[in-house]
*Asks:* 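Structure incoming, see below.
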Amino acid sequence: MPELPEVEVTRQTMADRVVGGRVLDVRMGLPLRWPLGIEPSELVGRTAQDVGRRGKYLLLHLDEGLLLLHLGMSGSLSVRENPPAPGAHDHFDLTTTRGVLRLHDPRRFGAVLWSPSLDADPARKLLAKLGAEPLGDHFTADAFYAALQRRSTPIKQVLMAGEVVVGVGNIYASEVLFKAGIRPTTRANKLSRPRANSLHAAIRSVLHRAVERGGTTFRNFSNALGETGHFQVEAAVYAREGLPCRVCGTPIRQVRMGQRSTFYCPTCQKP
DNA sequence: CTGATCGCCTGAGAGC
DNA sequence: TGCTCTCAGGCGATCA
């Protein structure tokens, strides 16, 4: 499900309902991507202080240590006072004095893992290589252009890799490249400064707008309150193979890049 | 170092 | 109905 806007919306809705809660119980379902890294019982008694985010990792800071939560491909988080009995795909329940934080994740590519601090492993290792926050002050056009000069990989894969900028997943990668008029296969270091500027602006505006709208409804997304997103603007190119480009009418093309479907308009997007 | 591929899982939908 | 195949909003590990 989640790209950055969905994760950020989850962070916001979850923080309101979990901060200040003291852990009463921890229930683990089937294994997720990694083991928790601590005896669940050791979390009991700790209090949630804050919910941060780095890339697509949610950071639930406790009064000692933190939990890193990742939604993988199919995860979603909810916080409810009286949740129903856990279903087959509910693999983590953190019961607190304020409600139950629950991870629902059918494919189990998601993760919940404990780290003593941000500077210690596993947090340090997992977050070390992450690129700039696309909506943050450090993600400037200057820095973006400079980073692109060091990569000869196709721009779409540079965006997806998350080492230059985080949070641009498979859908938004196609969407922002369309908005910037750039072919996904164009090598990053071949982009001119004006085109890099245009892509930088597209990333910020598209993601900002998606967060404002509460996450996308390209597929199904619900925030930690169970409300669905309101991103009504339809995809410009994603999943529109063969359909006419909304700008020029040319049929949208689909190609595979790094085993991920990629969509573009051959007329609007220049190599 | 880079770049490309692998594999973790389940579910939905298409085609036969 | 039921099988097989492909694909799905991620990403660290592993290879050349």
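Per chain, numbering begins at 1; letters A, B, ... match sequence-line order.
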*Asks:* If you measure only the distance, is there a donor-acceptor pair under 3.5 Å linking the side chains of Asp105(A) and Ser74(A)?
*Replies:*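 A donor-acceptor contact under 3.5 Å links the two side chains.
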*Asks:* Counting only Watson-Crick pairs (N1-N3 plus N6-O4 or O6-N4) and G-U wobbles (N1-O2, O6-N3), all under 3.5 Å, who is the partner of dC1(B)?
*Replies:*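 In the structure as shown, dC1(B) has no Watson-Crick or wobble partner.
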*Asks:* Report the distance from atom CD of Glu163(A) to atom C1' of dA13(C), rounded to the nearest whole Å.
*Replies:* 13 Å
*Asks:* What do you reckon, is CZ of Arg98(A) surrounded by more than 12 foreign heavy atoms closer than 6.0 Å?
*Replies:*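 Atom CZ in Arg98(A) is packed in, count exceeds 12.
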*Asks:* Between Thr186(A) and Lys270(A), do the side chains contain an N or O donor and an N or O acceptor separated by less than 3.5 Å?
*Replies:* no
*Asks:* Rounded to whole angstroms, how far apart are CZ on Arg33(A) and P on dG12(C)?
*Replies:* 6 Å
*Asks:* Flag the pair Thr96(A) / Val79(A) as yes when at least one side-chain heavy-atom distance between them is below 4.5 Å, and no otherwise.
*Replies:*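 With C-beta onward as the side chain, the pair stays apart.
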*Asks:* Atom CG of Leu69(A) and atom C1' of dC11(C): how far apart are they, to the nearest Å?
*Replies:*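 Whole-Å distance recorded here is 16 Å.
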*Asks:* Mapping Pro106(A) and Thr153(A) onto DNA chain B by nearest heavy atom, which one lands closer to the 5' end?
*Replies:*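 Looking at the nearest nucleotide for each, Thr153(A) comes out on the 5' side.
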*Asks:* Rounding to a whole Å, what distance do you find between Gln254(A):CD and dT6(C):P?
*Replies:*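 In whole Å, dT6(C) P and Gln254(A) CD are 15 Å from each other.
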*Asks:* Taking heavy atoms of chain A and a 4.0 Å limit, find me the 5'-most and 3'-most nucleotide of DNA chain B within that range.
*Replies:* dG3(B) to dG11(B)
*Asks:* Please report, to 0.1 Å, the donor-acceptor pairs under 3.5 Å made by any side chain of residues 27-35 of chain A, with sequence neighbours excluded.
*Replies:*
unit_1: Arg27(A); atom_1: NE; unit_2: Asp93(A); atom_2: OD2; d: 3.4
unit_1: Arg27(A); atom_1: NH2; unit_2: Asp90(A); atom_2: O; d: 2.7

*Asks:* Just to confirm, is there a sub-4.0 Å distance from OP1 or OP2 of dG12(C) to any side-chain nitrogen or oxygen of Tyr57(A)?
*Replies:* yes
*Asks:* Quick one: Ile171(A) CD1 to dG10(C) P, roughly how many Å, whole number?
*Replies:* 8 Å
*Asks:* Between Phe263(A) and Leu130(A), name the one whose nearest nucleotide on DNA chain C is closer to the 5' end.
*Replies:* Phe263(A)
*Asks:* Let's test your reading of the model: under 3.5 Å, does the base of dA8(C) pair with the side chain of Arg260(A) as donor and acceptor?
*Replies:*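 No.
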*Asks:* Using ring centroids (six-membered ring only for Trp), state whether Tyr264(A) and Phe178(A) fall under 6.0 Å.
*Replies:*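 Centroid distance Phe178(A)-Tyr264(A): not below 6.0 Å, so no.
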*Asks:* To the nearest angstrom, how far is Gln157(A) atom CD from dG10(C) atom C1'?
*Replies:*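 Taking atom C1' of dG10(C) as the reference, CD of Gln157(A) is at 14 Å.
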*Asks:* Could you tell me whether the phosphate oxygens of dA13(C), OP1 or OP2, come under 4.0 Å of any side-chain nitrogen or oxygen in Lys129(A)?
*Replies:* no
*Asks:* Quickly work out the Trp34(A) CH2 to dC11(C) P distance and round it to whole Å.
*Replies:* 9 Å
*Asks:* Using purine N1 to pyrimidine N3 plus N6-O4 or O6-N4 for Watson-Crick, or N1-O2 and O6-N3 for G-U wobble, each under 3.5 Å, what pairs with dC9(B)?
*Replies:* none
*Asks:* Please report the distance, rounded to the nearest Å, between CG in Leu68(A) and C1' in dC11(C).
*Replies:* 14 Å
*Asks:* Between dG10(C), dA13(C), dC7(C), spot the one nearest the side chain of Arg256(A), thanks.
*Replies:* dC7(C)
*Asks:* Reckon Leu126(A) touches a base, only the sugar-phosphate, or nothing at all at heavy-atom distances under 4.0 Å?
*Replies:* sugar-phosphate
*Asks:* Just wondering, more than 12 heavy atoms not from Arg253(A) lying within 6.0 Å of its CZ?
*Replies:* no
